[in-house]
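I have placed the structure first, in the form of structure tokens, so that the comments after it can refer back to it.
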Amino acid sequence: MRNSIKTIIAVLMAMTMLFTGIVASASETSVIPRLGNTRNHSLIFEISGNNGIVRAKYTGESTFARADVHVKLEKRFLLAFWNDVGEWSASSTNQSDTLSHIFALDDSGRYRATITLTITGSDGSVDSVEEIIK
């Protein structure tokens, strides 16, 4: 009798654990890292018609020496996989600038851009920010 009660309790606890999940939520706001060579930055990817527009805007600190941006554009296929459809890179030595590029998109679909902004300081220090925008 005692073993059957323990078995029933164990089965009920296992079923409770099976059907009870831990709910976790995350905010859409991103954490902005503290960068020593730039005051602020924004990385943008927008789709307008058959064009994908990428913009990397920054304002450097007094230690600013150079900014480099690299963009990798991908298109979704088979619901879970991504194909590379384009890449673009640019650089600037202006302390404040907007680097932009327009990708020609072949047709409708889901696209994402991985944008990497690298800011190099006059002392050789490097700050890097990467965002994936869908």
Side-chain angles (χ1 to χ4, degrees):
M1 179 75 171
R2 187 169 242 192
N3 282 341
S4 63
I5 292 174
K6 286 182 180 179
T7 304
I8 292 171
I9 290 173
V11 168
L12 289 174
M13 287 178 63
M15 289 177 58
T16 302
M17 290 173 46
L18 180 66
F19 294 113
T20 305
I22 297 173
V23 178
S25 63
S27 173
E28 283 293 322
T29 57
S30 61
V31 175
I32 299 173
R34 172 79 172 116
L35 303 175
N37 298 315
T38 184
R39 275 188 220 129
N40 57 36
H41 68 278
S42 64
L43 304 175
I44 299 167
F45 173 58
E46 301 172 326
I47 294 177
S48 176
N50 287 336
N51 293 321
I53 303 159
V54 176
R55 280 192 285 281
K57 183 176 181 179
Y58 67 88
T59 301
E61 290 285 359
S62 60
T63 58
F64 173 86
R66 178 185 174 103
D68 296 291
V69 65
H70 179 79
V71 178
K72 181 172 132 181
L73 185 66
E74 299 170 295
K75 182 178 179 182
R76 178 185 262 171
F77 78 102
L78 296 178
L79 298 175
F81 302 100
W82 296 91
N83 270 343
D84 292 348
V85 293
E87 287 194 47
W88 171 75
S89 295
S91 62
S92 175
T93 55
N94 296 330
Q95 190 171 0
S96 182
D97 206 349
T98 301
L99 303 171
S100 60
H101 182 73
I102 298 175
F103 288 96
L105 307 178
D106 58 356
D107 59 2
S108 63
R110 180 117 172 139
Y111 289 87
R112 75 177 179 187
T114 303
I115 306 170
T116 305
L117 176 64
T118 304
I119 307 290
T120 305
S122 56
D123 61 354
S125 63
V126 176
D127 297 331
S128 186
V129 178
E130 180 175 280
E131 288 186 32
I132 298 173
I133 305 171
K134 296 179 184 177

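All residue numbers refer to positions in the sequence shown, counting from 1.
Between His101 and Phe103, the two ring planes are perpendicular [angle over 60°; tilted spans 30° to 60°].
Between Thr63 and Ser125 the shortest side-chain heavy-atom distance does not fall below 4.5 Å. Taking the side chain as every heavy atom from C-beta outward, Val69 and Ile115 approach each other to under 4.5 Å. Two residues are said to be in side-chain contact when any heavy atoms from C-beta on lie closer than 4.5 Å; Thr116 and Ser128 meet this criterion. His70 places a side-chain heavy atom less than 4.5 Å from the side chain of Glu87. The shortest distance between side-chain heavy atoms of Asp106 and Lys75 falls below 4.5 Å.
Residues Asn94 and Tyr58 share a closest heavy-atom pair of O-OH, 2.7 Å. Nearest approach of Phe45 to Gly52, heavy atoms of both residues: CE1-CA, 3.9 Å. Contact detail for Thr38 and Asp127: the closest heavy-atom pair is N-OD2, 4.5 Å. Contact record, Glu46 with Ile44: CG-CG2, 3.6 Å, taken as the closest heavy-atom pair. Between Leu43 and Val129, the shortest heavy-atom distance links the atoms CD1-CG1, 4.2 Å. The shortest non-hydrogen separation linking Ser122 to Ala65 is N-CB, 3.8 Å.
Residues Ile102 and Trp88 do not share a hydrophobic cluster, clusters being chains of Ile/Leu/Val/Met/Phe/Trp/Tyr side chains in contact below 4.5 Å.
Ion pair Glu61/Arg39 flagged as a salt bridge, since at least one NZ, NE, NH1 or NH2 atom sits closer than 4.0 Å to an Asp/Glu carboxylate oxygen.
One finds the CD1 atom of Ile133 at 12.0 Å from the CZ atom of Arg112 (value rounded to the nearest 0.5 Å). Note that the CD1 atom of Ile119 and the CZ atom of Arg66 stand 11.0 Å from one another [nearest 0.5 Å]. Rounding to the nearest 0.5 Å places NZ of Lys57 at 13.0 Å from CG of Leu117. Taking CZ of Arg76 as the reference point, atom OH of Tyr111 lies at 13.0 Å (rounded to 0.5 Å).
With Leu105 as reference, Ile47 is the one residue of Asn51, Ile47, Val85 to meet the side-chain contact (heavy atoms from CB on, under 4.5 Å) rule.
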